[in-house]
Each structure stands twice: as C-alpha cells, then as structure tokens.
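Data block below; observations after.
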Amino acid sequence: MTRYQDGHIYEAFNAFHVRFYQTEIIDGQPRRVQRSRKLCAKDQKHHSCACKPVRKLCEEFIGTINAQIGTQPDKDVTVADFWRNTYLPFVQENKRASTVYGYKKLWASNLQEHFGTRTLAEYRPVDGNKYLESLTKTLGRNSLQHVRSLASGIFTRAVNQGLIDVNPWTAVRLQKKVRAPEPTVAYTLDQTIAILKALSTRVDAALVFSLAAFLGMRPSEIAGLRWEDIYDEEIHIRQAVVRGIAGDTKTPQSQRTLPLLEPVRSLIAAYHEQCAGISTGWLFTGRTAQPVKMESFIKHAIMPAVRKAELPWYGLYAARRSCATNLVALTGNVNAAHQVLGNSLAVAMKAYIKPSAEAGLAGLKLLEAAAINSKDASQ
C-alpha cells in the first residue's frame, strides 16, 4: 500500500509543513493514512512554500519516507493514485490557483473515469488516441487539447519520477476531423455604454465592468486590486485573485500601470465615497472582508441588471476584447492594445483584437487616397 511520493508543502501557524502518506496498522489491518510534519518556522530564509530552502527540507524528509519502501518507486501505481498523491500536490505547489482549478475540473469531468484502475505502466498510446477520438463528438479543438495536455503532463511527471520510461501521450496524434472552437465576442462601443448605463444603480458593478471595458483588465486583476494600488491618477496592477485566492499576476508582463480615465475615474471616486473614504485593503470584498470571488459577483451583481435591460452578456472577457479592439480602431496601432492588456503582441492579436469591417474599409480609403496623391505627384 505504500507508494513513492513527493509530499505537499503548506503554510500554517507561521510555519511550513509537509503532508504525506504512510501505512499504519489500524484495527489489525494496514491502512494508508495522511500525516503531516513541521519542516521549519517561517523566516527571512524560509519565506514561502516554493523557496529552495523549504523545498530542500521537504525533499530530505520525504526521502526518508520513500527510503522505507526501497530505492525504486512502486512501478505498478495506478494513474488515479499518481494523480491524487503525486501530481496534484506537485501542481498545487508550482501552478497558479486558476490552473489548479482547471486541472481538477478537467480530471473530474473527463480523465478520472477514463483512467479508472489502469496503471501507469500498462497505459498505451492507442488508449489515449481512442479516448480523444471518442471525445470529438462533444468537445471542440481547444477542449481536446486541454485534455491531452493534462494527460501528457501527468505521464511526463511519472517519467521524471522513474515510474515509467516513456510518456505514451507523446505518440498520441488526433487525425480525426475536429470541430473548430466557437469565435469569441467583443462588445461594440455602443453595447459597452448601454451596459454601463444598465449598471448605473450599483456603483461597484459599474466600476468592475468599466475596469475591463476601458482599461482591459482581467477579472482576476480587478479582484486583486487594493486601495493602495490607486494613486497619482494611476492604477498599479501588482497581484491577482482567483476564486478568492490571492497570488501573482498571470505573467510578469501583466504587472503594469494604467492611467485613470473616464468613466473609471468618476466611478472610483463615487465608490470611494460609498466606502466611507477607506484607503487600505481590498477594493472589492465579500461578506468576510476577503477578496471578492469574481464569478459570484458577476452572477449576482452584474448579469441580472444587464438581462433586465435586455442587453447581450458575453462576460467580462468580452469587455476586455472590446477595449483591445477599440484601441486598435482608434489609434491604428496594435501595440496600444497589447501594452494595455499586459499580453504579448501575438496573444493580443490572436485572442483579443477582433476584426473590424469598418476599420478595413477605412484603411482601403486611406490606401486609395495615398495612391491618388502618389500618382498626382509623379505627373
């Protein structure tokens, strides 16, 4: 019952601990139980779960646990056990909260049933290929890629742990025709103004929407705003909150400074007054004064008002795309969009800047005028 493991580091009571499993005799029977052990107190050297000194202490302790079952890990471990005991703790330590949430959801909805009681060693590329082909009736290209990516990541970790020699998913190549993803949507400027008007009776809802529509902020960045981040007529994006959990922004490039502009400036002033002039802490909070869970806020504070006004609602990311599209249309410069969004230029062009027929026609008119002027000058 004892299996090779990495251990899961967590912080509690101003110290770092490791959670692990061990086999104990309970009621005369061997049982696999979860235990924890304190690694060290939190200090300047040992400052986070991910820092090297804490991870080294974890590796040294877990090494003694794994040594009890020999130098070679159990090669007959099931994929499900490996996911639960090794891979999930690994991603919880090394990935953003939003990524961990997505992995858990994908595992529960797709991969858990598929892997069943299969072991890592017996799984073959043909199993993965058949499974992906069976999903083509219900999932689009992007969703299938997410399934394949997570499955491959699990087996890659198993290779690195010495449980298997080859990742079977590297040979999985889906050759069947796959449904293209649905096109994403960006609000028009008129729709943006109409939604803002529909939210006028609730300042916090209008402010959240305007931060996405006029400054291109991600929902997690809006939830991560603190009053201390707003000064000198600017908003400083330094952290993000995903489902109530505070952490770093999506990428280092996402940390940026944006100017306050209308209607954001007026809405922040009104909201600040409504909050009795508070100057510290989270901008948007839930009932427990913790950072707001943005999905719940949108569901209860924004969507009812928008639907009551009989306006289309495509989510906050549609407002972020609207900001990018409008910036390019108004400036004629794609750099304006990707700098504000905090994405790379390639990502901004692929995912956020929507094609505009009006901009294309305007561009053709400018090209026509330039050609005429050039012709006249040469005569």
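Just so it is clear, the structure is predicted and the values come from calculations on it, not from any experiment.
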Quiz prompt | side chain to side chain contact (heavy atoms under 4.5 Å, CB included) evaluation trace for Glu221 with Leu215 | solution = CA-CA 11 Å; Glu221 294 168 349; Leu215 294 184; over 6 Å; no
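- A donor-acceptor distance shorter than 3.5 angstrom exists from the side chain of Arg265 to the backbone of Leu260, with no hydrogens or angles considered.
- The environment of CD in Glu273 is sparse: at most 12 heavy-atom neighbours from other residues, nucleotides or ligands sit within 6.0 Å.
- Side chain of Asp127 to backbone of Arg124: a donor-acceptor contact under 3.5 angstrom is found.
- Looking at Thr64 and Glu60, their side chains never bring a donor and an acceptor atom within 3.5 Å of each other.
- The distance from atom CD1 of Ile245 to atom OG of Ser98, rounded to the nearest 0.5 Å, is 9.5 Å.
- The closest side-chain donor-acceptor pair between Ser254 and Arg218 falls under 3.5 angstrom.
- Looking only at distances, a side-chain donor or acceptor of Glu228 sits under 3.5 Å from a matching main-chain atom of Gly281.
- In this structure the side chain of Lys104 reaches within 4.5 angstrom of the side chain of Gln92, judged on heavy atoms.
- With Gln239 contributing its side chain and Gly247 its backbone, the two residues share no donor-acceptor pair below 3.5 Å.
- Residues Arg96 and Val100 have side chains not in contact (no heavy-atom distance under 4.5 Å, counting atoms from C-beta outward).
- Side chains of Gln274 and Asp204: a donor-acceptor N/O pair is absent below 3.5 angstrom, by distance only.
- Listed for the Arg226 side chain is no donor-acceptor partner under 3.5 Å among the backbone atoms of Arg238.
- For the pair Arg19 (side chain) and Tyr10 (backbone), a donor-acceptor distance under 3.5 Å is absent.
- A side-chain donor-acceptor contact under 3.5 Å links His300 to the backbone of Ser296.
- Side chain of Asn167 to backbone of Ser152: a donor-acceptor contact under 3.5 angstrom is found.
- Outside the 6.0 Å centre-distance limit, the rings of Tyr187 and Tyr317 are not counted as a close aromatic pair.
- Cation-pi check for Arg157 over Phe90 is met; the charged atom lies under 6.0 angstrom from the ring centroid and within 45 degrees of its normal.
- Judged by distance alone, with hydrogens and angles left aside, the side-chain atoms of Arg173 form a donor-acceptor pair with the main-chain N or O of Thr170 at under 3.5 Å.
- Val242 and Leu106 fall into different hydrophobic clusters, where Ile, Leu, Val, Met, Phe, Trp and Tyr are joined by side-chain heavy atoms under 4.5 Å apart, directly or via other members.
- Side chain to side chain, Ser36 and His17 fail the donor-acceptor criterion of an N or O pair below 3.5 Å.
- A distance of 4.5 Å separates CD in Glu93 from CD1 in Ile9, rounded to the nearest 0.5 Å.
- Counting only distance, with no hydrogens or angles, the side chain of Ser149 and the backbone of His146 share no donor-acceptor pair below 3.5 Å.
- Taking 4.5 Å as the limit, some side-chain heavy atom of Val54 sits within range of a side-chain heavy atom of His46.
- Looking only at side-chain heavy atoms (C-beta outward), Cys40 and Leu57 come within less than 4.5 Å of each other.
- Ring pair Phe284/Trp227: centre-to-centre distance not below 6.0 Å.
- Residue Cys51 holds its SG atom at 12.0 Å from NZ of Lys56, rounded to the nearest 0.5 Å.
- Phe20 has its ring centre no less than 6.0 Å from the ring centre of His8.
- Counting only heavy atoms from C-beta outward, the side chains of Ile235 and Leu211 approach each other to under 4.5 Å.
- If you run ring pair (Phe, Tyr, Trp, His ring centres under 6.0 Å) between Phe155 and each of Trp83, Tyr123, Phe82, only Tyr123 comes through.
- Within the 4.5 Å cutoff, the side chain of Phe214 has no heavy atoms near those of the Cys323 side chain.
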